[in-house]
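Input: a single structure, listed below in structure tokens.
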2 protein chains.
Amino acid sequence: MFSKACEYGIRAMIYIGQQSADFGRRVGLKDIAAEIDSPEAFTAKVLQGLVRQQLVTSVKGPTGGFELTPEQLRTVTLKQIVVAIDGPDILQGCALGLPQCSAKQPCPMHFQFLPIRDQLNELLRTHTIGELAGKVHDGLAFLKR
Amino acid sequence: MFSKACEYGIRAMIYIGQQSADFGRRVGLKDIAAEIDSPEAFTAKVLQGLVRQQLVTSVKGPTGGFELTPEQLRTVTLKQIVVAIDGPDILQGCALGLPQCSAKQPCPMHFQFLPIRDQLNELLRTHTIGELAGKVHDGLAFLKR
DNA sequence: CAAATACCGGACAAAAATGTCCGGTAATAA
DNA sequence: TTATTACCGGACATTTTTGTCCGGTATTTG
């Protein structure tokens, strides 16, 4: 479904979000990688990209690390993260890989897939990092194991 | 969503099915690759795997090629093809890549993703190659461009 | 200011996916 | 029987994804 990079990116963002929301605390790479069970250097690369797109904030030096501002917690959605890392293909590409697939020139699965993809779009569009972080805070969801 | 191998495999199967159903005609690799716009040698590899799993039938020599028996047309589903090529992960794996993700130990997206994945499962499980080939035959769907 | 910390960025490495080539084998047709 | 056809299988090549390493830079603390 999603690439490894995207899985790590989402998990990292939720963890950072949870720490920012609960304790107003920045978290370092080592901490993140340990908490979401991901390779540290690779996760760093993914987060660097998200920083460039301003979906998460980073601070260098001692006491530095990654954090989500209250606005980022409230406004950054799963969709933004997925598109930033994997591109828009999963949200709009043809299931059978046809370069041109539309209602006028559909692949054999087009009309069956459409509602499913629409729901996926809706799911990613309507869930913010802050909301998902809340579930982790409440012990209702987990980021590893 | 699906790998390239899987996209080619599904498209090839539908094309073979359409030719088998409409004309009782075997189709060769060159023909298939041209009709579904895929790399010939790579498509061969994918089909070889499907032959081994007996989802499609092949015959060597002159007048040889690939065909789908009436029974294969009626019984082979998209799900069988997808699982044969990409494995079962997309139908059961966690969206965030957690090795253990369940209702008891859910990832933050678990309960939102479940209905979408269930629908995908249902879609793949209930559509046969024969049915999809029929759409191509009727000019209601296409396999390239 | 100096030292330590932690992200940044680019180069590099390994693994997986994608794609190609070619000799071998089975089947058909003349 | 012999030549031809077309799939089979393995080796090989390329590209993409995944993952690592290390020096550079910005920031904080003493």
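We find that NZ of A:Lys60 is positioned 7 Å from P of D:dT27, with the value rounded to whole Å. Rounded to whole Å, atom P of D:dC8 lies 11 Å from atom CG of B:Leu50. When the P atom of D:dG19 is taken as reference, atom CD1 of A:Ile36 falls 11 Å away, rounded to whole Å. Spacing between atom CD1 of A:Ile85 and atom P of D:dG19 amounts to 13 Å, rounded to whole angstrom units. As a whole-Å value, the separation of B:Glu67 CD from C:dT28 P is 11 Å. Rounded to whole Å, the distance from CZ on B:Phe42 to P on C:dC21 is 15 Å. Rounded to an integer number of Å, the gap from CD of A:Glu40 to C1' of C:dA6 is 10 Å. Protein atom CG of B:Asp31 is 11 Å distant from nucleotide atom P of D:dA6, rounded to whole Å.
Against DNA chain C, the stretch residues 3-29 of chain B makes heavy-atom approaches under 4.0 Å through B:Ser3, B:Lys4, B:Ala5, B:Tyr8.
Counting heavy atoms from C-beta on, the side chains of B:Thr77 and B:Ile129 never come closer than 4.5 Å. Considering only heavy atoms from C-beta on, B:Ile85 comes within 4.5 Å of B:Leu50 through its side chain.
At most 12 non-hydrogen atoms from other residues, nucleotides or ligands lie less than 6.0 angstrom from CD of A:Gln54. The number of heavy-atom neighbours closer than 6.0 Å to CD of A:Gln100, taken from other residues, nucleotides and ligands shown, is 12 or below.
Using a 4.0 Å cut-off between charged side-chain N and carboxylate O, A:Glu71 and A:Arg74 make no salt bridge.
Distances from the side chain of A:Phe66 to the nucleotides C:dC8, D:dT28, D:dT20 place C:dC8 closest. For B:Ala41, the listed nucleotide lying nearest its side chain is C:dC21; candidates were D:dT29, C:dG24, C:dC21. Relative to the side chain of A:Pro39, the nucleotides C:dC7, D:dT20, C:dT20 differ in distance, and D:dT20 lies closest.
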With the criterion being N/O to N/O and under 3.5 Å, what pairs connect the protein with nucleotides 10-16 of chain D, and how long is each?
unit_1, atom_1, unit_2, atom_2, d
D:dG10, N7, B:Lys45, NZ, 3.1
D:dG10, O6, B:Lys45, NZ, 2.6

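Checking A:Thr43 against A:Ser38 by side-chain atom types alone, a donor-acceptor pair falls below 3.5 Å.
With sequence neighbours excluded, the residues that form a salt bridge (charged side-chain N to carboxylate O under 4.0 Å, His left out) with B:Glu67 are B:Arg26.
Mapping A:Pro62 and A:Ser58 onto DNA chain C by nearest heavy atom places A:Pro62 at the nucleotide closer to the 5' end. Checking B:Val51 against A:Val59, the closest nucleotide of DNA chain D that is more toward the 5' end is the one next to B:Val51.
The phosphate of C:dG9 (OP1 or OP2) has a side-chain N or O of A:Arg52 nearer than 4.0 angstrom.
Between the B:Glu7 side chain and the B:Lys4 main chain, no donor and acceptor come within less than 3.5 Å of each other. Side chain of A:Lys144 to backbone of A:Ala34: a donor-acceptor contact under 3.5 angstrom is found.
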